[in-house]
Number of protein chains: 4
Amino acid sequence: MAGVNKVILVGNLGADPEVKYLEGDNVVANLSLATTEAYKDRSGNRVEQTEWHDLELWGQQAKIAEQYLKKGSQIYVEGKIKSDKWTDEQGQNRKKVRIRVLSFTMLGGKPEGMGPSSPQNSSPQSKPATAAAPSGSDKMVMDDADDDLPF
Amino acid sequence: MAGVNKVILVGNLGADPEVKYLEGDNVVANLSLATTEAYKDRSGNRVEQTEWHDLELWGQQAKIAEQYLKKGSQIYVEGKIKSDKWTDEQGQNRKKVRIRVLSFTMLGGKPEGMGPSSPQNSSPQSKPATAAAPSGSDKMVMDDADDDLPF
Amino acid sequence: MAGVNKVILVGNLGADPEVKYLEGDNVVANLSLATTEAYKDRSGNRVEQTEWHDLELWGQQAKIAEQYLKKGSQIYVEGKIKSDKWTDEQGQNRKKVRIRVLSFTMLGGKPEGMGPSSPQNSSPQSKPATAAAPSGSDKMVMDDADDDLPF
Amino acid sequence: MAGVNKVILVGNLGADPEVKYLEGDNVVANLSLATTEAYKDRSGNRVEQTEWHDLELWGQQAKIAEQYLKKGSQIYVEGKIKSDKWTDEQGQNRKKVRIRVLSFTMLGGKPEGMGPSSPQNSSPQSKPATAAAPSGSDKMVMDDADDDLPF
DNA sequence: TTTT
DNA sequence: TTTT
């Protein structure tokens with residue numbers, strides 16, 4: 001029977017996106033996202049707990065991440081948990097958990113270099129200012145409906 | 001700044017809960033949950049992809065899981081991603097990701113042996129039928145608001 | 001700036017789906033879904049609170065709902081809040097809130113009359129048993145990616 | 001059987017919070033939150049669709065909203081759908097849907113007047129700077145675990 | 001390892 | 001490694 005595997009995160013990037021252009025016109029971006037939680041311990045002291053998440057974005061989303069996200073960016077992420085399993089050199093079973101991002105939204109207002117007043121022309125994916133201006137903000141939510149990676 | 005770290009799963013248990021009673025009146029249950037996704041590959045064949053999640057429940061929740069859940073049970077889970085990090089014997093940095101369950105709900109109707117007509121007396125945590133009867137179903141959603149584990 | 005508008009429900013249908021076939025090959029299904037919450041009041045008595053949700057499904061999803069869902073069915077629903085506004089006969093501003101369903105999953109195991117061993121031939125949308133058998137279950141999660149209704 | 005009724009929103013406030021202090025030391029805040037979605041219509045034109053949500057916060061949360069939120073604030077909200085039903089003067093059945101907020105987080109960085117360097121002393125709920133400083137930011141995520149409103 |  |  002069909003299941004549900006859904007992850008929702010709001011946090012900040014610990015580093016700029018790492019983007020790789022693969023053969024066959026595929027692109028993947030890896031992001032490291034921190035979600036921080038604050039609570040009081042038994043002594044009443046404030047404690048911060050940070051969890052680091054490995055995010056993986058594909059296709060058009062990866063390109064948008066490359067273009068608009070950077071170290072420190074705050075984003076809303078929706079995705080699913082996806083793990084890779086292998087056997088390491090010691091013959092041990094290993095498992096790496098990642099978040100496969102299905103959509104994300106930039107938070108906290110327009111990033112620098114975006115929008116009509118300051119088009120971002122230096123990026124590899126840059127577009128004419130006139131294109132970036134009217135259509136810029138709706139790119140901030142990206143579904144990967146159009147990429148070809150069902151898993 | 002505060003973040004969001006939320007996981008929502010619907011799936012089936014691959015095995016009975018593993019429950020450990022710790023010192024200090026603490027209880028932890030570990031569950032293995034499968035979420036299955038079906039899609040068509042490029043050839044149009046139906047493919048199933050199953051992801052296995054390691055769930056961790058504490059306190060009263062762990063006891064309810066022990067009492068009512070078993071291999072094959074279908075549940076809705078809400079929780080957060082939480083990882084443990086350590087250095088293994090080879091000096092490698094290791095990380096294990098778990099889902100810390102904050103609440104869960106049994107799906108698919110009352111389990112066997114639950115409810116007024118058939119109290120579950122054989123379980124280690126069994127209660128008098130009169131206790132199980134009126135309060136049985138509202139135990140099916142458990143928040144861990146009352147346990148003492150903020151992280 | 002792009003926003004997020006997401007609803008997640010698990011509940012039971014209060015009635016069979018109401019399905020309308022519209023011109024232009026469009027189909028809409030309306031469902032009434034109950035989500036029940038139990039809590040203890042100040043006196044320690046168990047109280048149940050039921051919220052009824054008006055769900056709206058379009059296209060292929062509506063057809064699947066018509067075929068497989070009925071009064072009492074338990075489903076997982078993901079969607080968004082969508083309201084209609086109008087002025088009534090008294091000149092009052094009125095607003096009706098619905099949940100536009102983006103995907104749903106049947107819970108609690110195979111419905112009657114589904115699957116290879118007992119194909120569902122009496123339904124108005126019945127298919128040959130051979131078609132229902134292999135492809136039945138992966139239809140239980142439906143995204144409306146392919147319908148033409150962005151709002 | 002227990003259900004799930006969950007709403008997740010990211011959007012901006014259309015107005016300052018409306019806060020009412022009730023008898024019995026209770027406080028309620030009402031917020032109007034816009035979630036905006038952008039898509040291309042069939043002609044390829046960019047269309048924006050805004051949904052307005054009526055949010056209701058109680059207790060300590062309402063006070064935090066009053067203190068830190070204002071028109072334009074971007075927030076992440078988690079809550080549930082809750083409707084009130086009544087009969088109007090024409091004898092018609094009426095229903096109003098609200099989002100009962102269970103937790104929220106401010107997005108987009110520190111608001112003005114918050115934090116050690118610029119304590120907010122003009123607010124009705126203002127606190128000494130020394131109190132606001134160390135405890136300010138962890139108030140940005142509020143669960144209503146401690147208020148007395150289960151429904 | 002579940003479920004279909 | 002982020003953010004506050």
Side-chain angles (χ1 to χ4, degrees), chain A residues 1-5 9-18 30-38 46-55 69-75 77 85 93 95 107-108, chain B residues 1-5 9-18 30-39 46-55 69-75 77 85 93 107-108, chain C residues 68 105-111 114-118 132-141, chain D residues 68 105-111 114-118 132-141:
Chain A
M1 178 59 59
V4 174
N5 173 358
L9 305 172
V10 174
N12 298 278
L13 297 189
D16 290 346
E18 292 183 9
N30 288 282
L31 308 180
S32 186
L33 184 82
T35 59
T36 301
E37 186 180 5
R46 187 169 177 277
V47 184
E48 275 200 357
Q49 193 95 3
T50 294
E51 182 71 36
W52 287 96
H53 308 269
D54 293 316
L55 311 185
L69 301 183
K70 62 180 188 192
K71 182 173 173 172
S73 295
Q74 188 186 35
I75 57 175
V77 164
K85 287 177 177 172
N93 290 327
K95 183 186 186 184
L107 301 174
Chain B
M1 179 58 59
V4 173
N5 173 358
L9 305 172
V10 173
N12 298 277
L13 297 189
D16 290 346
E18 292 182 10
N30 288 282
L31 308 180
S32 186
L33 184 82
T35 57
T36 301
E37 184 180 7
Y39 61 92
R46 187 171 177 274
V47 184
E48 276 200 356
Q49 192 96 0
T50 294
E51 182 71 35
W52 287 96
H53 308 269
D54 295 314
L55 311 185
L69 301 183
K70 63 179 186 193
K71 181 174 172 171
S73 295
Q74 188 186 36
I75 57 174
V77 164
K85 288 178 177 171
N93 289 328
L107 300 174
Chain C
Y68 294 111
T105 304
M106 296 192 63
L107 301 174
K110 220 186 279 194
M114 195 182 154
S117 55
S118 55
S135 67
S137 65
D138 61 333
K139 284 201 180 126
M140 291 301 95
V141 177
Chain D
Y68 293 111
T105 303
M106 295 191 63
L107 300 174
K110 218 186 281 196
M114 195 182 155
S117 54
S118 55
S135 67
S137 63
D138 61 332
K139 284 202 180 124
M140 291 301 96
V141 176

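Keep in mind that the numbers below use all heavy atoms, side chains included, and drop hydrogens, waters and symmetry copies. Convention: sequence-line order gives letters A, B, ...; per-chain numbering from 1.
- Separating the CD1 atom of B:I75 from the P atom of E:dT3 is a distance of 13 Å, rounded to the nearest angstrom.
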Test log, rule side chain to side chain contact (heavy atoms under 4.5 Å, CB included), inputs A:Q74 and D:L107: CA-CA 8 Å; A:Q74 188 186 35; D:L107 300 174; 3.8 Å; yes

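- The CG-P distance, from A:L55 to F:dT2, rounds to 16 Å in whole Å.
- Counting non-hydrogen atoms under 4.0 angstrom, A:S73 reaches nothing in the nucleic acid.
- Judged as a side chain to side chain donor-acceptor pair (under 3.5 Å), and not counting sequence neighbours, the contacts of A:D54 are A:K96.
- Nucleotide E:dT1 holds its P atom 12 Å from the CG atom of A:N93, rounded to whole Å.
- A:T50 comes within 4.0 angstrom of a base, heavy atoms only.
- Taking atom CG of A:L31 as the reference point, atom C1' of F:dT1 lies 12 Å away to the nearest angstrom.
- When all heavy atoms of A:A34 and A:T50 are compared, the pair lying nearest together is CB-CG2, 3.8 Å.
- At a threshold of 4.0 angstrom between heavy atoms, the contacts of B:G11 with the nucleic acid are absent.
- With F:dT3, E:dT3, F:dT1 as the candidates, the nucleotide lying closest to the side chain of A:N12 is F:dT3.
- Between A:L107 atom CG and F:dT3 atom P there is a gap of 15 Å when expressed in whole angstrom units.
- Taking atom CH2 on A:W52 and atom C1' on F:dT3, their separation rounds to 8 Å, with Å as the unit.
- The base of F:dT1 lies close enough to the side chain of A:S32 for a donor and an acceptor atom to sit less than 3.5 Å apart.
- The nearest whole Å value for the distance from the NZ atom in B:K71 to the P atom in E:dT2 is 5 Å.
- Residue A:A34 places its side chain closer to F:dT2 than to any other of E:dT1, F:dT2, E:dT3.
- Between A:D16 atom CG and A:K70 atom NZ the span is 8.0 Å, to the nearest 0.5 Å.
- In this structure, the CG atom of B:L13 is 11 Å from the C1' atom of E:dT3, given to the nearest Å.
- In this structure, the side chain to side chain contact (heavy atoms under 4.5 Å, CB included) partners of B:S32, at least two apart in sequence or on a different chain, are B:W52.
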